[in-house]
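Here's the structure we're looking at; comments come further down.
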Amino acid sequence: MKENKSCENCLTEADIDRIAEKAAERALEKVYAEVGKNVSKKLMWIMGVVSISLIVWLSSFGGLTKL
């Protein structure tokens with residue numbers, strides 16, 4: 001393809017690099033947010049299992065009274 005030398009809206013290498021950097025930063029932000037959500041979900045699940053296990057363990061020998 002023939003290159004147009006009189007292009008008014010052409011991007012320079014610096015423009016392309018700046019756009020690529022911004023895109024990479026935004027992609028990383030999305031990845032970190034998704035990882036954070038997954039870690040939070042797993043921690044909440046583990047806390048729930050531990051809580052229920054503690055309640056069952058305490059109630060098994062009368063350590064937990066009825067409300």
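Being a predicted model, the structure only gives us computed values, none of them experimental.
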Candidate pair Thr12 and Asp17, rule side-chain contact (heavy atoms from CB on, under 4.5 Å), full reasoning:
CA-CA 9 Å; Thr12 64; Asp17 289 341; over 6 Å; no
[X] and [Y]: same hydrophobic cluster, using ILVMFWY side-chain contacts below 4.5 Å?
X     : Y     : value
Ile55 : Phe61 : yes
Val50 : Trp45 : yes
Leu43 : Val35 : yes

Can you tell me how far the OG atom of Ser59 sits from the CG atom of Leu54, to the nearest 0.5 Å?
9.5 Å
